[in-house]
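Please read the structure below before turning to the comments.
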Amino acid sequence: MTESKRILDRSDYRRDSFREDCEFVFALCHELGNLMGALRLHAHLLDDEMGPRDLARTSVDLDDLSARSAALLSLVRPLLSPDAGTFEEVPAARLVQTLDGLMAGHGARGAALEFTADPDLPSVRVDVGALQRLIQSFFYVALESVSRTGTVSMRAESRGSEVALIIEDDGPAGEAPEGYHDQMRRGRPLLCLGAESILRKQGGRFQAERAGDRTRFTLILPAV
């Protein structure tokens, strides 16, 4: 194969990949529209006659919807950017600690949150902001799945030359997680497709599965 043919092949691949990412973003915008609609509906429920409990619950729901919207919106840049963004070398354990802090600020809404990482884990070289927002998005849908009574966990583990960031929840099984390519582009399936694209640009890969009574999402990145 000639060098010019290789360049054309890479160009075709990037063009096809960009087209797919655009389709993901269109679906993401539809998802954001639904979240905005839910935000407006909850805002209309606020009035002077609401009791303290109803007011608190509605305020929490508004915060959840706003956080989910912000996290999803921040995925547009890494999806549409032709490259992987700004790389930063960061210890895998610190990524887990950062997510622990971010989710502590958000609150578990009655569910239990668990974070585990060996401090001696290797580092990864990633677009930290994009990766954090992506993981936050998985946490938000997981918290919705466990319905305020279950457990959502994140752990990091070394796998030879790679580091795996694993998010699990014990919510209802629902659609088979590994079948996200064939499912409607909304909610978790849409997020999985976006994760696959974003991680690929960072030299990583993505897996989804049902493991026993838990739904598991694994973000795999090269160790440095």
**Study point:** Shortest non-hydrogen contact from Leu79 toward Asp21
**Key:** O-OD2, 3.0 Å
Exercise for review: Can you see which heavy atom on Ala93 is nearest to which on Pro119, and at what distance?
Suggested key: CB-CA, 4.0 Å
Point to revise | Pro172: side chain to side chain contact (heavy atoms under 4.5 Å, CB included) partners, not counting sequence neighbours | key: Ser145
Revision key, fill the gap. For residues 111-131, the ring-ring contact (aromatic ring centres under 6.0 Å, His included) pairs (sequence neighbours left out) are Phe115-Phe139
Review point. Does any N or O in the side chain of Ser197 come within less than 3.5 Å of the main-chain N or O of Gly194, such that one atom is a donor and the other an acceptor?
Key: no
**Study point:** Arg186, CZ atom: more than 12 neighbouring heavy atoms under 6.0 Å
**Key:** no
Review point. Restricting to pairs with a member in residues 147-168, which pass ring-ring contact (aromatic ring centres under 6.0 Å, His included), not counting sequence neighbours?
Key: none
Check your understanding: Of the non-hydrogen atoms in Arg210 and Asp169, which two are nearest, and what is the gap between them?
Key -> NH1-O, 4.5 Å
Check your understanding: Considering all heavy atoms of both residues, which atom of Pro189 and which atom of Gln183 are nearest to each other, and what is their separation?
Key -> CG-OE1, 3.1 Å
Exercise for review: Check for a donor-acceptor pair, side chain of Arg53 on one end and backbone N or O of Ala56 on the other, with a separation under 3.5 Å.
Suggested key: no
Revision key, fill the gap. For residues 150-190, the ring-ring contact (aromatic ring centres under 6.0 Å, His included) pairs (sequence neighbours left out) are Tyr180-Phe206
Check your understanding: Do Arg188 and Glu175 meet the salt-bridge criterion of a basic N to acidic O distance under 4.0 Å?
Key -> no
Can you give each donor-acceptor pair under 3.5 Å made by side-chain atoms of residues 216-224, sequence neighbours left out, with the distance rounded to 0.1 Å?
residue, atom, partner, partner atom, Å
Arg216, NE, Glu168, OE2, 2.4
Arg216, NH2, Glu168, OE2, 2.8

Output a table of donor-acceptor pairs, distance under 3.5 Å, between side-chain atoms of residues 100-112 and any protein atom two or more places apart or on a different chain; print 'none' if there are none.
residue, atom, partner, partner atom, Å
His106, NE2, Asp64, OD1, 3.0
Arg109, NE, Asp64, OD1, 2.8
Arg109, NH1, His106, O, 2.0
Arg109, NH2, Asp63, OD2, 2.5
Arg109, NH2, Asp64, OD1, 3.0
Arg109, NH2, His106, O, 3.3

Check your understanding: When rounded to the nearest 0.5 angstrom, what is the spacing between NZ in Lys201 and CG in Leu199?
Key -> 11.0 Å
